[in-house]
Protein chains: 2
Amino acid sequence: MAAGTPGAGRVAQAEMRSANMGLLLRHLRAHGGRSRARLAQETGLSKATTSSLVTDLAQRGLVREGALERGGAVGRPGTTVALDGSGVAGIGIELAVDYASFTAVTLAGTVVREQVSPLDVAHLPLAEVLDRTATQLQRMIHSLAESGTRVAGITVSPPGIIDYASGSLRFAPNLGWRDVALVREYATRLSEPTPPIRLENDAKLAALAESVRFAREGVSDLVYLTGDVGVGAGIIADGALMRGWAGFSGEVGHLHLAPDDRPCNCGRTGCWETVVGLNALLESAAPAGDSLRDPGRPIEDRLYELRRRADAGDAPTLAALTAIAEHLAEGLAVLVDVLNPKAIVLGGYFAWFGAFIIPVAETRLQARALDAGNHARVVASELGLMAAARGGAFLALEDVFADPTLVPAGA
Amino acid sequence: MAAGTPGAGRVAQAEMRSANMGLLLRHLRAHGGRSRARLAQETGLSKATTSSLVTDLAQRGLVREGALERGGAVGRPGTTVALDGSGVAGIGIELAVDYASFTAVTLAGTVVREQVSPLDVAHLPLAEVLDRTATQLQRMIHSLAESGTRVAGITVSPPGIIDYASGSLRFAPNLGWRDVALVREYATRLSEPTPPIRLENDAKLAALAESVRFAREGVSDLVYLTGDVGVGAGIIADGALMRGWAGFSGEVGHLHLAPDDRPCNCGRTGCWETVVGLNALLESAAPAGDSLRDPGRPIEDRLYELRRRADAGDAPTLAALTAIAEHLAEGLAVLVDVLNPKAIVLGGYFAWFGAFIIPVAETRLQARALDAGNHARVVASELGLMAAARGGAFLALEDVFADPTLVPAGA
DNA sequence: CTTAATTAGTTAGGATGCTGTACGAACAAT
DNA sequence: ATTGTTCGTACAGCATCCTAACTAATTAAG
């Protein structure tokens with residue numbers, strides 16, 4: 001229920017039809033396959049119009065007929081109409097410090113391609129990173145085309161600050177990159193016709209990925225929290241991704257919620273990251289000299305090791321996780337009071353240690369956040385490393401859900 | 001630029017027309033009166049359609065023709081079309097602890113009625129408060145009808161927690177009211193036909209009121225902060241009022257941002273309110289025994305007195321205001337990092353002492369909030385006590401801006 | 001002062017999309 | 001086999017918007 005009536009844009013006949021086609025598509029996404037008659041009744045469109053629109057959508061390869069609905073009820077059974085999982089897909093790419101992940105998701109929400117490639121993004125020359133990832137991308141597009149799947153769009157999630165207007169990465173502190181026109185760079189490296197390319201922040205994309213899952217449960221207000229060395233939030237408010245004025249909403253890692261004796265990389269002290277970031281966990285869980293604090297050792301190894309210790313009931317590890325959870329709750333309380341989400345989804349290493357962190361964080365949160373009888377549920381993300389890429393694929397598909405006529409009929 | 005494609009609803013012929021009429025109306029609100037030709041060009045509608053829609057809007061009394069646009073340019077001058085300030089108005093009511101304020105605002109944004117009535121809401125019986133305010137309301141509706149102005153809707157802002165689904169006040173701590181079905185109570189007390197009645201939180205309404213002003217400057221992301229004994233925020237994100245899952249977004253008064261030696265009325269310690277609420281100012285600005293701390297003295301008197309001292313350069317007063325500003329900045333930094341607004345509008349006593357508070361708060365904020373080269377502007381609200389009522393009137397008018405056909409043509 | 005050029009607004013005709021009604025199709029119940 | 005119900009489609013009708021042509025009002029130029 002949004003107020004303020006933000007500009008809805010002109011409505012002409014053509015837009016009317018595409019808007020209604022989008023309505024059907026989104027209804028199918030949210031509620032699953034169903035008969036034309038039910039679609040008509042539930043969306044408010046007439047049966048005749050629904051029929052016509054479904055035919056149109058089918059010609060574009062976006063929906064297809066399924067089994068007959070033999071519900072045992074009287075009357076003629078309806079033929080199920082469902083999203084077609086082969087016609088169109090979106091691609092999401094996440095560039096991290098030491099790997100690049102690629103995902104392709106169809107309109108039906110099925111992941112049809114997924115790969116994580118180790119890539120020393122931080123040390124390789126920029127051009128080489130772009131060349132290599134663009135090649136992988138091109139290969140994925142070709143491979144999808146061979147299966148008869150069009151790519152509706154591509155979303156790239158770089159590890160840094162994005163300038164949305166120019167489609168460039170303004171600054172990536174961990175890579176040392178500055179003002180890289182990523183959209184243009186990829187567009188020139190891909191063969192024509194190039195699908196639309198976007199940039200978006202990893203936390204926002206992960207939130208979007210989760211929002212698709214939660215929308216089915218009727219949750220349209222949620223917060224996703226990334227858990228890594230840094231911490232960031234993605235906010236879904238009233239079903240839509242919230243970006244803020246310049247796209248910097250959810251920059252919660254440097255909230256001033258910790259004691260001022262903790263210096264932060266940002267130059268200030270007392271940032272939330274310093275007590276809930278991954279380094280805080282590693283430092284408090286392991287004594288100096290412990291191999292967990294060896295920067296040369298792969299981070300995944302260390303996390304596995306830490307989980308083994310936690311599972312085994314190792315006291316210092318459990319104490320460290322509890323401390324993290326308590327500090328985490330402080331920030332979650334802020335997010336709950338400000339945003340009133342229905343769910344908080346924890347990602348990154350928070351999810352990895354969810355069983356240890358969430359119970360503590362949740363009780364602590366309920367004690368601290370304003371209780372209006374509406375607690376936010378805290379859950380662990382199940383998307384793991386692929387969350388951002390997955391969300392990127394979803395974002396790329398949003399265009400199609402908004403205007404299905406973007407996909408030509410001849411497919 | 002919203003993503004996530006929240007359900008846009010069915011588009012039928014009738015809705016197409018009303019949607020386009022709303023588009024014109026909102027364009028006129030945002031950009032002021034202009035010719036049909038300019039409207040057509042700027043909205044993307046054709047000249048013919050624009051002409052037809054404008055005629056329709058005029059018949060409903062929503063727009064009217066104005067002067068000729070003699071811009072000195074060649075060609076036939078256009079006749080200005082502008083929002084009609086006499087046809088339709090919205091009414092907002094704020095129930096506070098010791099007064100009730102009423103505002104009527106026309107479609108053109110002009111305040112045509114405004115009254116603040118002292119009313120001992122906290123001690124009078126509920127029925128009497130409702131009777132008296134309903135009578136005033138009815139009188140205002142009549143008076144507007146005599147001037148030929150229809151009331152499109154009424155928004156009531158009660159000082160407590162709202163249950164939107166049932167249209168009732170769930171709990172008002174300062175009044176001791178519980179579960180009062182305000183919408184129904186007012187509806188039964190008003191003579192037919194009753195305009196639609198809504199409830200909304202004061203901070204959210206104030207934010208909405210400010211958003212109308214700021215929208216003209218292209219600001220679609222802002223936060224309004226109420227400054228009273230309690231503190232609350234209203235959030236406008238991407239032009240729309242953000243409510244959160246259950247309508248409790250912006251409950252920032254109890255953020256844990258103060259030292260834990262400050263007990264709060266809510267039973268916890270360290271709430272932001274305890275260091276930026278009005279009581280914090282009065283206590284730190286005046287020594288025990290000072291008349292400023294006399295609860296029997298009207299609060300307005302005390303605020304005037306305090307401002308006199310500040311204007312005169314009284315050191316303890318200035319020190320107290322600076323301390324408030326510094327604590328204020330802590331919370332503003334939270335709001336900036338989470339929401340990335342373009343503007344923060346300070347209301348209540350923050351605005352009253354804006355000249356002393358804002359410069360300090362702003363520099364402090366810039367030091368603390370994440371700097372992505374996009375500072376949020378901090379400004380004082382100019383709406384004073386009427387902010388919430390004004391926003392309520394705007395909210396009531398939103399229906400008309402969304403669907404102008406709600407207003408019958410025969411008016 | 002007259003004519004051309006330019007822009008505003010209106011009217012007529014055409015195209016498009018949605019709706020209501022009617023009808024055949026497919027099934028359950030009797 | 002018949003009846004009643006529901007699904008999906010076909011067709012006529014209607015509302016809307018758009019394009020194109022036209023009139024109206026003004027400036028600029030000869």
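First the proteins, then the strands, lettered A, B, ... as listed; each starts at 1. Keep in mind the model is a prediction, meaning the values are calculated, not measured.
- When each of D:dC18, D:dT27, C:dG9 is scored by its nearest atom to the side-chain atoms of B:Leu45, the top-ranked nucleotide is D:dC18.
- Judged by distance alone, with hydrogens and angles left aside, A:Arg76 brings no side-chain donor or acceptor close enough to the base of C:dA26 to form a pair under 3.5 Å.
- Residues A:Arg113 and A:Ser143 bring a donor and an acceptor atom of their side chains to less than 3.5 Å of each other.
- Heavy atoms of A:Thr79 sit under 4.0 angstrom from primed sugar atoms or phosphate atoms, though from no base atom.
- In this structure, the nucleotide among C:dC18, C:dC27, D:dC7 sitting nearest to the side chain of A:Leu68 is C:dC27.
- Closest approach of A:Gly61 and A:Asp84 over heavy atoms only: O-CB, 3.4 Å.
- Out of C:dA8, C:dC18, D:dA20, the shortest distance to the side chain of B:Ala48 is found at D:dA20.
- Under a 3.5 Å cut-off, the side chain of B:Thr106 and the backbone N or O of B:Ala108 do form a donor-acceptor pair.
- Comparing B:Thr80 and A:Asn20, the nucleotide of DNA chain C nearest to each residue sits closer to the 5' end for B:Thr80.
- Distance from the side chain of B:Ser46 is smallest to D:dC18 among D:dC18, C:dC18, D:dC17.
- Within the 4.0 angstrom heavy-atom criterion, only backbone atoms of the sugar-phosphate kind lie near A:Ser35; the bases stay farther away.
- You'll find that the side chain of A:Ala37 is closest to D:dC7, out of C:dA26, D:dC18, D:dC7.
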